[in-house]
Amino acid sequence: MAEIKYEEAVKRLEEIVEILEKNEVPLDEALSLFEEGTKLSKNCLNLLNEAKIKITEIEK
């Protein structure tokens, strides 16, 4: 996945959740969206972990 900013990833995750909650997409599209959401979620966690490490270093 290309580098994406945290805020953009969260916004896209919100869009995916909204689409999936409506339950109006075919199964194959829902699976694709779920996969995209999973990747975005992992990316967000990585970005948050990197930020935490930077903050910890700054506080030393």
Side-chain angles (χ1 to χ4, degrees):
M1 175 172 281
E3 190 66 31
I4 184 171
K5 292 185 178 185
Y6 179 81
E7 294 80 3
E8 294 170 356
V10 170
K11 182 177 179 182
R12 179 61 182 150
L13 274 169
E14 291 171 346
E15 292 170 356
I16 290 171
V17 168
E18 187 175 322
I19 292 168
L20 292 175
E21 283 181 340
K22 289 180 182 177
N23 205 22
E24 297 176 354
V25 294
L27 180 59
D28 59 333
E29 186 178 344
L31 288 172
S32 179
L33 287 168
F34 182 81
E35 182 179 10
E36 180 185 355
T38 300
K39 290 178 183 178
L40 287 167
S41 176
K42 288 179 183 179
N43 186 55
C44 286
L45 286 173
N46 288 336
L47 290 170
L48 288 172
N49 285 331
E50 289 173 13
K52 182 179 178 180
I53 290 168
K54 287 180 184 178
I55 291 170
T56 301
E57 290 174 0
I58 291 170
E59 289 180 334
K60 289 183 178 181

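Residues: numbered from 1 along the sequence shown.
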Fill in: Donor-acceptor pair, side chain of Thr38 and main chain of Phe34, under 3.5 angstrom
yes
Worksheet item: Once you round to the nearest 0.5 Å, how far does CG of Leu45 lie from CD of Glu50?
Response: 11.5 Å
Worksheet item: Where the side chain of Asn43 meets the backbone of Lys39, is there a donor-acceptor pair that is under 3.5 Å apart?
Response: no
Worksheet item: Do the side chains of Leu31 and Val25 join up, straight or via other hydrophobic residues, at under 4.5 Å, putting them in one cluster?
Response: no
Practice prompt. Please round to the nearest 0.5 Å and tell me the distance separating atom CD1 of Ile19 and atom CD of Glu36.
Written response: 8.5 Å
Worksheet entry | Pairwise side-chain contact, Glu14 with Val17, heavy-atom cut-off 4.5 Å (strictly under) | no
Discussion item. In the structure I gave you, are the side-chain heavy atoms of Leu40 and Ile16 within less than 4.5 Å of one another anywhere?
Written reply: yes
Practice prompt. For Thr56 and Lys52, indicate whether the former's side chain and the latter's backbone hold a donor-acceptor pair under 3.5 Å.
Written response: yes
Worksheet entry | Shared hydrophobic cluster, Ile4 / Leu13 (ILVMFWY, side-chain heavy atoms < 4.5 Å) | yes
Discussion item. Distance check, rounded to the nearest 0.5 Å: Cys44 atom SG versus Lys5 atom NZ?
Written reply: 14.0 Å
Worksheet item: Leu47 pairs by side chain to side chain contact (heavy atoms under 4.5 Å, CB included) with which of Lys42, Glu3, Glu7?
Response: Glu3
Practice prompt. Run the salt-bridge test on Glu15 and Arg12 with the 4.0 Å N-O cut-off and return the result as yes or no.
Written response: yes
